[in-house]
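A short write-up of the structure that comes next.
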There are 2 protein chains.
Amino acid sequence: MSIRVKKGASRSVNDPTAKGKGPPAAGESGTISRTEAVQDALRQAIIEQRLQPGAKLPEDAIGDAFGTSRTIAREALGRLAVEGLVELKPNRGAFVANPTLDEGRDVFVVRRGLERIVTECLSGKLKPDEIAVLREHVAREHEVSGHNEVESIRLAGEFHLLLARLTGNHVLVRYVTEVVSRCSLILAMYGRPHSSDCGVSEHGEIVDALIAGKGARAVELMDHHLEAVASRALLQQKTERDIRDVLAPYAARIKGLDA
Amino acid sequence: MSIRVKKGASRSVNDPTAKGKGPPAAGESGTISRTEAVQDALRQAIIEQRLQPGAKLPEDAIGDAFGTSRTIAREALGRLAVEGLVELKPNRGAFVANPTLDEGRDVFVVRRGLERIVTECLSGKLKPDEIAVLREHVAREHEVSGHNEVESIRLAGEFHLLLARLTGNHVLVRYVTEVVSRCSLILAMYGRPHSSDCGVSEHGEIVDALIAGKGARAVELMDHHLEAVASRALLQQKTERDIRDVLAPYAARIKGLDA
DNA sequence: GCTTCATAAATCGCATGCACTTGATGCATG
DNA sequence: CATGCATCAAGTGCATGCGATTTATGAAGC
């Protein structure tokens, strides 16, 4: 799980070797700060489970990996902690969040509430070009459904973000983005392996209801949809991650030795 | 001409002169990081309008005011920017947010959605001691209503935070906290001067409905309540003061940190 | 006198250094 | 053989320094 990186390969955000010292020009790049870049990269890595829950995230290693100083890494970690994807232990460091089932339920409760707002905001107010975008997205979801699970999951999340963005409400977008991220992590931890594509047709139905301006129906569909996703994820008990349980079979094997 | 500090006066969070260099002991204080302390103080100052919308927030001045380095100030500002209370202009600095009416509306939309969740979570599930706390809070609101406007506003916000905390849902608490802060700022900017105490009786009614387990009624009341709060929109402007002077009392408040 | 360019001041963005905390390791002891 | 204590290394928490960017100021030109 080491974050080590081969030198020169991932010199992405900043390469001080070029000038030996000078800070880089911040003006030309797309206004996106380095902190944000690192934050986004880490978030992606976390929700894709490339960084597993509980994994340590040392500032040094992260700065190293992205070619920045600890300052940037530290800031990114701090913000991810606010988002709930990272846990910060004082004087000990940062770790990938390891949400409990209860926390997961909390996140889903909030998500349902937020997406309810989204649905209400959008019902009957979608413009033709927006409808086209939505339809196309759902179509793509159908395409990959079944044979590309990773992409399928990504698109499913993207669908909800897309809706949020269409409201034009930036606050809403931010919160939905956050809960969707956290839900991804939770699903990855607790969800059943092959349950991702259940919701594709539901997405289509929601879009239909929104277009038809049937707000109540749309809300109902959305709520049911998320309820389904949540229960799929949270019903089953977590696959045991505790060291002792993992090692139990090995221990048993050894026990035979000293018997 | 600006960085100068009266020696010994605002040495609050950290005093490096004691040892000539060493960082302070972070271990003993109440687990609350300095960043958070500064962040909370700034937030309070902003929603109380001691720092007016649009006011510049230079890292140096803030670090100065709280007796910390720019590092801490910078981090606090960054987080407040995420919260939406501060606007960060690249290479220019931080400013107290100056939300437009449209942004204000967005915040209120989200707030209504979030508080709807709170209400639904709580209806019929309040325990006796929780009910007592709520009743007492509403009583206090009635007490100050009319003669202490600042406290009145504070208590009104606190009522909603209290409800959120009673859900036990930490995600919800965080989001409600954020939107309540932002709403405070927005009301302070656009709200009519003497409109704060309109909602006191409504708070009582909401509590009653929650206790009676009338979820739908409670949601309706809450929604109407927030709708009323949101719909008060007016304009006013104020004067500017020196950052350090405004922040001095807040810095004094967190002096306990370096004890 | 007003515009334009050059210089200076203020302040940000970021890297780095140093003290301190924390958990680990090894050793002595009951 | 388990327990307590000293030593150590890893890595955080924070302040500070340096270049870069932006804004303010003033001089020269039209």
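Chain letters run A, B, ... following the sequence lines, proteins first, then strands; residues in each count from 1. No experiment lies behind these values; they were computed from the predicted model shown.
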### Message
Using whole Å, what does the distance between atom C1' of nucleotide D/dA20 and atom CZ of B/Arg92 come to?
### Response
15 Å
### Query
Over how many whole Å does the gap from B/Asp60 atom CG to D/dG17 atom C1' extend?
12 Å
### Task
Start with the C-alpha distance between B/Leu42 and B/Val38, add both sets of side-chain angles, then the distance that settles side chain to side chain contact (heavy atoms under 4.5 Å, CB included), and finish with yes or no.
CA-CA 6 Å; B/Leu42 283 174; B/Val38 173; 4.0 Å; yes
### Query
Picking from D/dG13, C/dC12, C/dC14, which would you name as closest to the side chain of B/Lys56?
C/dC12
### Task
Assign each of A/Arg70 and B/Arg70 to its nearest nucleotide of DNA chain C by heavy atoms, then name whichever residue's nucleotide is nearer the 5' end.
B/Arg70
#### Entry: Selected nucleotide, minimal atom distance to B/Glu59 side chain, candidates D/dT12, C/dG13, C/dA15
C/dG13
### Query
For B/Ser69 and D/dA15, is the shortest distance between a side-chain N/O and OP1 or OP2 below 4.0 Å?
yes
### Query
Taking the nucleotide of DNA chain D with the closest heavy atom to each, which residue, A/Thr71 or A/Gly93, is nearer the 5' end?
A/Gly93
### Message
Expressed as a whole number of angstroms, how long is the span from B/Ile62:CD1 to C/dC12:P?
### Response
9 Å
### Query
Rounded to the Å, how far apart are B/Phe66 CZ and D/dG13 P?
20 Å
### Message
Can you tell me if B/Arg74 touches the phosphate of C/dC12, counting only side-chain N or O atoms and a distance under 4.0 Å to OP1 or OP2?
### Response
no
### Message
Whole angstroms only, please: what is the CG-C1' distance between A/Asn91 and C/dT21?
### Response
5 Å
### Message
Contact between A/Glu115 and A/His160 at the side-chain level, heavy atoms closer than 4.5 Å - yes or no?
### Response
yes
### Query
Once you round it to whole Å, what is the distance between C1' of C/dC12 and CD of B/Glu75?
16 Å
### Task
Would you give the length of the straight line joining atom CD of B/Glu178 to atom CG of B/Leu85, rounded to the nearest 0.5 angstrom?
8.0 Å
### Query
Can you check the A/Ile72 CD1 to C/dC14 C1' distance for me, whole Å?
6 Å
### Message
Could you walk me through whether A/Gln44 and A/Asp40 satisfy the side chain to side chain contact (heavy atoms under 4.5 Å, CB included) test, starting with their C-alpha distance in whole Å, then the side-chain angles of each, then the deciding distance to 0.1 Å, before giving a yes or no?
### Response
CA-CA 6 Å; A/Gln44 201 61 31; A/Asp40 291 347; over 6 Å; no
## Note on the structure
Per atom distances to the A/Pro58 side chain, the nearest of D/dA15, D/dT12, D/dT22 is D/dT12
### Task
May I have the distance from A/Asp64 (atom CG) to C/dT16 (atom P), rounded to whole angstrom?
11 Å
## Note on the structure
Value for CZ (A/Arg43) from OG1 (A/Thr177), rounded to nearest 0.5 Å, stands at 8.0 Å
